[in-house]
Amino acid sequence: MEPGTPSFYEKVYKVVRCIPPGQVSSYGRIATMLGHPNAARAVGYALSALRHPNQDGYTSANVPWQRVVNSQGRISIRHREQAANKQADLLRAEGVTVDENGRIDLATHLWPGLHLIELDDILRNDPQEP
DNA sequence: ATGGTGACTCGCG
DNA sequence: GCGCGAGCCACCA
């Protein structure tokens, strides 16, 4: 594809970078915003991939991956307790209440999301490429 | 091309 | 509220 055409993963990263500190979204909501209502798993996979180096420069350091939880408002990292704890710590550090079971009150912290116009703009040219 | 792999979701019991 | 099964998707070997 053309150099300027973002892959699905890139789109995920760009949208996630729009989530303000103190707020959270879900894998499914991100997927829906990108026009793939059933691609929640792919979104999770995209964030998981942040720990590996990629040619676009997106890393766990420049993408606020911790602000994405599952639709139930719970931290969804399964097989890596260390990462799960880190996510909880990072969220608490920015003012999000996370109980001992890794639950977050979505009614309080859910990110409304982007409007179509904004989304379109973000995906076209992010003024802050990594 | 094909099948395996998840940081997912939703619907049922 | 919890566990299961089934559906869905982008990536990678």
Side-chain angles (χ1 to χ4, degrees):
Chain A
M1 61 177 89
E2 290 180 40
T5 305
S7 66
F8 180 78
Y9 278 23
E10 290 179 279
K11 292 179 186 174
V12 170
Y13 302 145
K14 290 190 175 187
V15 171
V16 171
R17 283 167 55 129
C18 294
I19 307 175
Q23 292 191 275
V24 301
S25 189
S26 74
Y27 303 97
R29 289 176 64 86
I30 300 293
T32 298
M33 283 180 229
L34 293 178
H36 295 258
N38 299 307
R41 303 193 72 177
V43 172
Y45 201 14
L47 296 184
S48 174
L50 280 176
R51 51 200 177 99
H52 305 305
N54 61 75
Q55 74 186 143
D56 297 303
Y58 290 100
T59 70
S60 55
N62 56 36
V63 177
W65 56 277
Q66 73 272 22
R67 296 175 195 149
V68 185
V69 296
N70 67 27
S71 64
Q72 305 310 302
R74 312 184 72 206
I75 287 179
S76 197
I77 301 176
R78 307 237 181 196
H79 310 307
R80 295 190 302 139
E81 190 179 350
Q82 177 180 310
N85 291 327
K86 184 176 183 181
Q87 179 168 18
D89 290 340
L90 288 172
L91 287 174
R92 293 189 179 110
E94 50 187 67
V96 176
T97 300
V98 185
D99 68 21
E100 60 277 358
N101 297 313
R103 269 187 1 206
I104 296 162
D105 181 20
L106 291 183
T108 301
H109 299 100
L110 182 64
W111 177 50
L114 297 168
H115 290 295
L116 282 179
I117 306 294
E118 304 174 307
L119 179 61
D120 191 58
D121 197 46
I122 291 300
L123 296 184
R124 282 185 193 289
N125 42 18
D126 188 336
Q128 247 185 316
E129 291 291 334

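First the proteins, then the strands, lettered A, B, ... as listed; each starts at 1.
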L50(A) CG to dA7(B) P, in whole Å, measures 13 Å

Per atom distances to the A40(A) side chain, the nearest of dT9(B), dA7(B), dA10(C) is dT9(B)

note: L47(A), atom CG; dT5(B), atom C1'; distance rounded to Å ~ 16 Å

OP1 or OP2 of dA10(C) versus the side-chain N and O atoms of H36(A): is any pair under 4.0 Å? yes

Separation of dG1(C) atom C1' from D99(A) atom CG, nearest Å, is 14 Å

Task: Side-chain N or O of S26(A) closer than 4.0 Å to phosphate OP1/OP2 of dC8(B) - done: no

Whole-Å distance, R51(A) CZ to dT5(B) C1', equals 12 Å

Whole-Å distance, Q72(A) CD to dT9(B) C1', equals 8 Å

Between A42(A) and R74(A), the residue closer to the 5' end of DNA chain C by nearest nucleotide is R74(A)

**Asked** Between D89(A) and R92(A), is the closest basic N to carboxylate O distance under 4.0 Å?
**Response** yes

From CZ of R41(A) across to P of dC8(B) the rounded distance in Å is 7 Å

Report task. Using only side-chain N and O atoms of S71(A), determine if any of them is under 4.0 Å from OP1 or OP2 of dT9(B). Result -> yes

Discussion item. Whether S76(A) contacts dC8(B) is assessed here as follows: a side-chain N or O lying under 4.0 Å from the phosphate OP1 or OP2. Is that the case?
Written reply: yes

### Message
Given 3.5 Å as the limit, does a donor-acceptor pair link the side chain of Q66(A) with the main chain of S60(A), or not?
### Response
no

Here the distance between atom C1' of dG6(B) and atom CD1 of I30(A), to the nearest Å, is 17 Å

Between CZ of R67(A) and C1' of dA7(B) the distance, given in whole Å, is 17 Å

With a 3.5 Å cut-off and just heavy-atom distances, do the side chain of Y45(A) and the base of dA10(C) make a donor-acceptor pair?
no

Problem set entry | Flag, side chain of N54(A) to backbone of E10(A), donor-acceptor distance under 3.5 Å | no

When rounded to the nearest 0.5 Å, the distance separating CD1 of I30(A) from CD1 of I19(A) is 4.5 Å

### Message
Does the plane of the ring in Y58(A) sit parallel, tilted or perpendicular to the ring in Y13(A)? Use 30° and 60° as the thresholds.
### Response
tilted

Heavy atoms only, 4.0 Å cut-off, all strands: where does F8(A) land among base, sugar-phosphate and nothing?
sugar-phosphate

Testing dC11(C), dT9(B), dA10(C) for proximity to the side chain of S7(A), the answer is dC11(C)

